[in-house]
Amino acid sequence: MKSKTKFSHDSLLDRQATQELLITLANAINKGELAFQESEGELVLTPQQLLQVSLRASDEGDKQEVEVKIKWRTKEKALSDTPPRIKTKAGKR
């Protein structure tokens, strides 16, 4: 099975099936490995100890939505150890 870099799936599920999906996702995060499979390949993600979580909810009358986004870095981001150069116009502060 070839390795993938992106996975996408849309479905219409009842509340029970949605709850089971979220529990499966939570258990996979807890174990440190999420494996998404489909006929064209597999995508395996390895959540780190610290995760950036964004949660949004909206009610637009006939449409309600909850969005959960979870991100993490697999490698530390390189940060500069020098301050940025900032130009100012002469005589102005």
Side-chain angles (χ1 to χ4, degrees):
M1 190 177 285
K2 74 176 185 176
S3 179
K4 296 180 60 107
T5 59
K6 291 187 179 186
F7 174 86
S8 180
H9 176 83
D10 295 304
S11 57
L12 187 60
L13 305 173
D14 63 20
R15 288 190 309 233
Q16 179 67 33
T18 300
Q19 179 184 16
E20 290 169 7
L21 175 67
L22 293 172
I23 289 169
T24 300
L25 181 62
N27 289 336
I29 290 170
N30 188 47
K31 289 180 181 179
E33 183 175 282
L34 291 85
F36 300 93
Q37 297 175 344
E38 60 184 358
S39 60
E40 294 117 30
E42 180 178 48
L43 173 63
V44 178
L45 304 178
T46 53
Q48 302 302 298
Q49 198 60 31
L50 291 176
L51 308 173
Q52 180 181 343
V53 179
S54 300
L55 181 64
R56 291 177 174 66
S58 64
D59 183 351
E60 299 174 6
D62 64 339
K63 177 185 167 193
Q64 296 178 332
E65 182 176 38
V66 173
E67 179 182 325
V68 179
K69 184 185 286 190
I70 304 168
K71 298 191 291 189
W72 60 88
R73 290 195 175 277
T74 56
K75 296 178 186 170
E76 272 192 45
K77 185 177 181 179
L79 298 175
S80 174
D81 59 357
T82 58
R85 292 184 183 177
I86 301 173
K87 288 185 174 184
T88 60
K89 291 185 179 185
K92 293 190 177 183
R93 292 186 173 195

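Quick note: residue numbers are just sequence positions, from 1. Because the structure is a prediction, the values reported are computed rather than measured.
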Heavy-atom donor-acceptor pair, Gln48 side chain to Thr46 backbone, under 3.5 Å: yes
Within one Ile-Leu-Val-Met-Phe-Trp-Tyr cluster: Leu55 and Ile70, side-chain cutoff 4.5 Å: yes
Neighbour count above 12 (heavy atom, 6.0 Å) for Leu50 CG: no
Least distance between heavy atoms, Glu38 atom then Ser8 atom: OE1-O, 4.2 Å
Nearest non-hydrogen partners of Gln37 and Phe7, listed with the distance: O-CE1, 3.8 Å
Test item: Leu51 and Ile29 side chains (from C-beta on) under 4.5 Å apart, heavy atoms: yes
Non-hydrogen atoms of Trp72 and Leu45 that approach each other most closely: CZ2-CB, 3.8 Å
Shared hydrophobic cluster, Leu25 / Val66 (ILVMFWY, side-chain heavy atoms < 4.5 Å): yes
Contact summary for Leu34 and Ala28, nearest pair of heavy atoms: CG-CB, 3.9 Å
Rounded distance [0.5 Å steps], CD in Gln19 versus OG1 in Thr24: 10.0 Å
Spacing of CD belonging to Glu67 relative to CZ belonging to Arg56, to within rounding of 0.5 Å: 6.0 Å
Sequence-distant partners of Arg15, side chain to side chain contact (heavy atoms under 4.5 Å, CB included), two or more places apart: none
